[in-house]
Amino acid sequence: MSAEVLKGGPIAEAILDELKPQIEKLKDTRPPKLVAILAGDNPGSKFYAKSQQKDCDKLGIGYELRELPDDIGENDMLGVIEELNEDEAVTGIILLVPVPKGLDARALQAAIAPSKDVDGVHPANLGLVVQGDRTLAPCTAQAAVAMVEAAGITVEGAEVVMVGHSEIVGKPTALLLLEPLATVTVCHIGTKDTAAHTREADVVIVATGVPGLVKADWIKPGALVVDVGINRVKGEDGKTKIVGDVDPGVAEVAGILTPVPGGVGAVTAAMLMKNTVAAAAMQACV
Ligand code: NAD
């Protein structure tokens with residue numbers, strides 16, 4: 001058996017299409033504008049900023065990359081965030097991570113006004129996820145859930161195993177799936193036998209940053225496997241390639257599998273646009 005491949009592209013397109021009339025409506029009241037803050041010269045962050053700019057351009061959303069020196073102090077960073085919080089023309093703020101050494105990303109993210117926190121990482125927005133409100137939930141968690149929904153799985157009563165318990169992926173994804181009454185087990189680095197859990201699951205979502213961690217014999221035949229991992233590894237030809245956290249052999253056992261690249265990542269980018277529009281819409285009402 002070879003798993004059906006559930007690509008992220010069409011799901012992302014559908015999300016972006018739904019945003020167009022909302023953006024049109026906001027034009028006269030609160031046109032969405034996203035500002036990304038980049039401290040230092042991280043090539044990965046620059047890559048993400050470029051693709052954010054492209055997505056915003058396509059939708060007619062304003063975008064600005066605020067580039068700051070890598071030796072910027074925490075107080076100056078907080079000053080920039082405060083200025084953007086107060087700027088009415090700015091409806092969304094995202095801090096590109098990792099930040100340079102000496103800066104505390106969590107403290108900086110907590111300084112972003114919750115109503116402009118389109119990355120969904122402010123404690124207030126993470127708290128709303130606990131209450132089942134995913135308006136400004138973390139983009140990757142929303143993307144993982146969108147993949148499960150697109151697979152047509154009946155979530156209520158499904159046995160879901162979330163491998164990984166980070167603040168931006170594992171924990172919020174687990175909470176978002178609890179809401180429609182999935183039975184969610186969270187595995188992590190301290191779990192004694194992760195495979196024993198995943199083998200029983202109807203849905204396995206993996207976000208560990210460990211290339212190829214989940215093997216074919218970890219998966220129940222026919223299960224849905226959502227691979228969130230994005231890992232840069234050297235291939236046999238010496239070239240760098242992107243691989244997920246799921247071993248390619250899983251395709252022989254799973255019923256549906258999301259590819260890497262071309263899976264969750266594309267939907268995560270679309271969710272950032274969705275959050276950016278949602279934030280502007282919320283601000284338009286006040
Ligand atoms: P993280 O480093 O914050 O967390 C990793 C998690 O994996 C932890 O909970 C840890 O306990 C768990 N873990 C590590 N090794 C494990 C093991 N052997 N067995 C079980 N659990 C283990 O990572 P993160 O920020 O959640 O990112 C995870 C992966 O998802 C990375 O590859 C990252 O690049 C990718 N990612 C993808 C997207 C996307 O849009 N597709 C977005 C964010 C992150």
Side-chain angles (χ1 to χ4, degrees), residues 5-9 11-12 15-16 36 42-45 47-52 54-55 94-99 104-106 109 118-121 126 129 137-148 150 160-177 184-201 204-215 217-219 225-233 240-247 250 257-276:
V5 178
L6 180 62
K7 289 189 180 164
I11 300 165
I15 293 165
L16 298 181
N42 185 290
S45 294
F47 171 82
Y48 281 121
K50 249 192 199 148
S51 78
Q52 288 166 1
K54 228 164 85 186
D55 288 340
I94 183 170
L95 176 72
L96 296 171
V97 289
V99 291
D104 179 352
R106 195 191 258 196
Q109 287 166 331
V118 292
D119 211 10
V121 289
L126 290 170
V129 171
C139 301
T140 311
Q142 290 192 68
V145 172
M147 296 309 257
V148 174
V160 176
V161 171
M162 176 71 236
V163 188
H165 78 313
S166 69
E167 283 168 23
I168 59 154
V169 193
K171 286 180 191 169
T173 303
L175 288 167
L176 290 175
L177 287 168
V184 184
T185 303
V186 181
C187 297
H188 43 70
I189 194 70
T191 303
K192 289 202 178 86
D193 187 354
T194 299
H197 293 280
T198 55
R199 265 185 216 121
E200 301 299 321
V204 178
I205 304 171
V206 195
T208 62
V210 182
L213 174 73
V214 172
K215 306 283 188 281
D217 65 355
W218 290 32
I219 298 299
V225 180
V226 177
D227 189 352
V228 180
I230 298 181
N231 309 294
R232 283 170 182 81
V233 297
T240 302
K241 59 176 186 170
I242 305 284
V243 300
D245 293 352
V246 171
D247 186 83
V250 167
L257 175 62
T258 68
V260 177
V264 179
V267 183
T268 300
M271 288 301 180
L272 177 64
M273 297 299 107
K274 196 224 86 184
N275 278 4
T276 300

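Just follow the structure's listing: the first ligand is 1, and inside any ligand the first atom is 1.
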Inset, instruction - Please list, chain by chain and in numerical order, all residues satisfying salt bridge (charged side-chain N to carboxylate O under 4.0 Å, His left out) with Arg106, sequence neighbours excluded. - result: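 Arg106 satisfies salt bridge (charged side-chain N to carboxylate O under 4.0 Å, His left out) with Glu167 once adjacent residues are dropped.
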
Legend entry - Qualifying side-chain hydrogen bond (donor to acceptor under 3.5 Å, both in side chains) pairs with a residue from residues 186-196, counting only residues at least two apart or across chains: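 Of all non-adjacent pairs touching residues 186-196, none passes side-chain hydrogen bond (donor to acceptor under 3.5 Å, both in side chains).
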
Legend entry - Non-neighbouring partners of Asp104 that pass side-chain hydrogen bond (donor to acceptor under 3.5 Å, both in side chains), sequence neighbours left out: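 Expected list: none.
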
Could you tell me, for ligand 1, which of its N or O atoms are under 3.5 Å from any protein N or O, listing the pairs and their distances rounded to 0.1 Å?
from, atom 1, to, atom 2, distance (Å)
ligand 1, 9 (O), His165, N, 2.6
ligand 1, 9 (O), His165, ND1, 2.5
ligand 1, 11 (O), His165, ND1, 3.4
ligand 1, 11 (O), Ile189, N, 2.9
ligand 1, 21 (N), Ile189, N, 3.4
ligand 1, 26 (O), Ser166, OG, 2.5
ligand 1, 32 (O), Ile230, N, 3.0
ligand 1, 32 (O), Ile230, O, 3.4
ligand 1, 32 (O), Asn231, OD1, 3.2
ligand 1, 34 (O), Ile230, O, 3.1
ligand 1, 40 (O), Thr268, OG1, 2.8
ligand 1, 41 (N), Val228, O, 3.1

Legend entry - Lys50 atom NZ: more than 12 heavy-atom contacts under 6.0 Å: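 Count not over threshold, so no.
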
Legend entry - Backbone N/O of Val246 and side chain of Asp227: donor-acceptor pair under 3.5 Å: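 Answer holds: yes.
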
Inset, instruction - Would you check if the side chain of Asn275 reaches a backbone N or O of Val118 as a donor-acceptor pair within less than 3.5 Å? - result: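 Here the side-chain-to-backbone pair exists.
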
